[in-house]
Chemist: 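Sharing a structure with you now.
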Amino acid sequence: MSTTFDLRVYEALRRVPRGMVTTYGELARAVGCGSSRAVGQALRRNPFAPEVPCHRVIASNLAPGGFQGRRDGPEQAAKLRLLRGEGVRFRNGRLADPSRLFRFSRG
DNA sequence: GAGTCATTCGTTG
DNA sequence: CAACGAATGACTC
């Protein structure tokens, strides 16, 4: 079951273009919650799997973050694969091209 | 670069 | 009300 808050996260996440990634912090700001935790909770629910590219969300430190409710494990590896297919690559567990970070226009 | 503490909002029980 | 969560930032070593 999704909540009004979750819907906001999905709407904002859809703004992320393919081949780019965003962070929980930016996404949180996009929805206006100010807490990345709440965003993660919405992402893990992700009822709109392919529509909501939850795999395009990474941590602010350019770390892969989590996937399918896990911050580590095979799920995470799958996440990197998906991004790789979009042109986003990782280096030693970090985003190889920080310029790939998508930023929501707030101003 | 790595480890620790405090902060923050929303969902769930 | 109480507890948890796909996190972040600032500080110290």
Side-chain angles (χ1 to χ4, degrees):
Chain A
M1 182 60 181
S2 306
T3 71
T4 44
F5 170 77
D6 292 343
L7 301 177
R8 288 186 194 291
V9 177
Y10 308 142
E11 292 257 322
L13 182 52
R14 284 180 46 145
R15 298 183 67 168
V16 180
R18 188 142 107 28
M20 299 269 291
V21 294
T22 189
T23 70
Y24 297 93
E26 283 294 313
L27 193 57
R29 286 184 101 56
V31 302
C33 81
S35 184
S36 324
R37 295 262 194 157
V39 173
Q41 289 192 139
L43 295 180
R44 76 175 314 194
R45 301 164 96 89
N46 183 16
F48 309 100
E51 290 189 73
V52 179
C54 43
H55 63 265
R56 287 189 202 151
V57 185
I58 64 171
S60 184
N61 56 322
L62 305 186
F67 195 54
Q68 292 187 351
R70 297 205 116 77
R71 302 197 301 186
D72 292 303
E75 285 43 11
Q76 221 226 37
K79 175 175 180 170
L80 303 183
R81 285 176 175 277
L82 290 167
L83 292 171
R84 208 162 108 99
E86 299 190 355
V88 182
R89 294 182 315 214
F90 278 77
R91 245 7 205 138
N92 193 27
R94 306 270 187 281
L95 186 64
D97 292 324
S99 56
R100 294 278 186 189
L101 275 173
F102 174 81
R103 296 247 169 178
F104 294 92
S105 302
R106 288 186 275 100

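The shown structure was predicted, so the numbers you read here are calculated from the model rather than taken from an experiment. Note: hydrogens, waters and symmetry copies are ignored here, and every other heavy atom, side chains too, is used. Letters go in sequence order (proteins before strands), and every chain restarts at 1.
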Chemist: Quantified in whole Å, what is the P atom distance between nucleotide B/dA6 and nucleotide C/dA6?
Modeler: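 So the two P atoms sit 23 Å from each other.
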Chemist: In whole angstroms, how far is the C1' atom of B/dG10 from the CG atom of A/Leu43?
Modeler: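 Rounded to whole Å, this separation is 13 Å.
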Chemist: Figure out the CZ/P separation between A/Arg71 and C/dG5, and round it to whole Å.
Modeler: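 In whole Å, C/dG5 P lies 9 Å from A/Arg71 CZ.
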Chemist: Starting at the 5' end of DNA chain C, which residue's closest nucleotide do you reach first, A/Val39 or A/Gly25?
Modeler: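 The residue mapped nearer the 5' terminus is A/Val39.
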Chemist: Indicate, with yes or no, if A/Val21 and A/Tyr24 share a hydrophobic cluster defined by side-chain heavy-atom contacts under 4.5 Å among Ile, Leu, Val, Met, Phe, Trp and Tyr.
Modeler: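 Looking at the clustering, A/Val21 is in a separate group from A/Tyr24.
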Chemist: Among C/dG5, C/dG9, C/dA7, which is the nearest nucleotide to the side chain of A/Ser60?
Modeler: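 Closest nucleotide among those given: C/dG9.
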Chemist: Between A/Tyr10 and A/Phe102, is there a shared hydrophobic cluster once you connect ILVMFWY residues whose side-chain heavy atoms come closer than 4.5 Å?
Modeler: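 Linked, A/Tyr10 and A/Phe102 end up in one cluster.
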Chemist: Taking the side chain from A/Asp97 and the backbone from A/Ser99, do they hold a donor-acceptor pair closer than 3.5 Å?
Modeler: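 No, the answer is negative, given that no donor and acceptor are paired below the 3.5 Å cut-off.
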Chemist: Given C/dT8, B/dG10, C/dA6, identify the nucleotide with an atom nearest to the side chain of A/Asn61.
Modeler: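 Comparing C/dT8, B/dG10, C/dA6 against the side chain of A/Asn61, the answer is C/dT8.
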Chemist: What integer distance in Å separates A/Arg37:CZ from C/dC4:P?
Modeler: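 So the CZ-P distance, A/Arg37 to C/dC4, works out to 12 Å.
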Chemist: Could you state the CG-C1' distance from A/Leu82 to C/dA6, rounded to the nearest angstrom?
Modeler: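 Rounded to the whole Å, the gap is 15 Å.
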Chemist: How many Å lie between CZ on A/Arg56 and C1' on C/dA6, as a whole number?
Modeler: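 In whole Å, C/dA6 C1' and A/Arg56 CZ are 17 Å from each other.
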Chemist: Is there a residue in residues 2-24 of chain A whose heavy atoms reach under 4.0 Å of DNA chain B, and which residues are they?
Modeler: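 Under 4.0 Å from DNA chain B: A/Thr3, A/Phe5.
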Chemist: Is any side-chain nitrogen or oxygen of A/Ser35 closer than 4.0 Å to OP1 or OP2 of B/dT7?
Modeler: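 Answer is no, no contact under 4.0 Å.
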Chemist: Would you say the side-chain atoms of A/Arg89 pair up with the backbone N or O of A/Leu95, donor to acceptor, closer than 3.5 Å?
Modeler: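 Side chain of A/Arg89 to backbone of A/Leu95: no pair is present.
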Chemist: So what is the 5' to 3' dot-bracket string for DNA chain C, if pairs are Watson-Crick or G-U wobble with both distances under 3.5 Å, crossing pairs use [ ] and | means the partner sits on another strand?
Modeler: |||||.|||||||
Chemist: Nearest whole angstrom, please: distance from the C1' of B/dG13 to the CE of A/Met1.
Modeler: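 Atom CE in A/Met1 sits about 17 Å away from atom C1' in B/dG13.
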Chemist: What integer distance in Å separates A/Arg44:CZ from B/dC9:P?
Modeler: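 It works out to 21 Å between those atoms.
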Chemist: Within this structure, what is the CD-to-P distance between A/Gln68 and C/dA6, rounded to whole angstrom?
Modeler: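 Taking CD of A/Gln68 and P of C/dA6, I get 12 Å after rounding.
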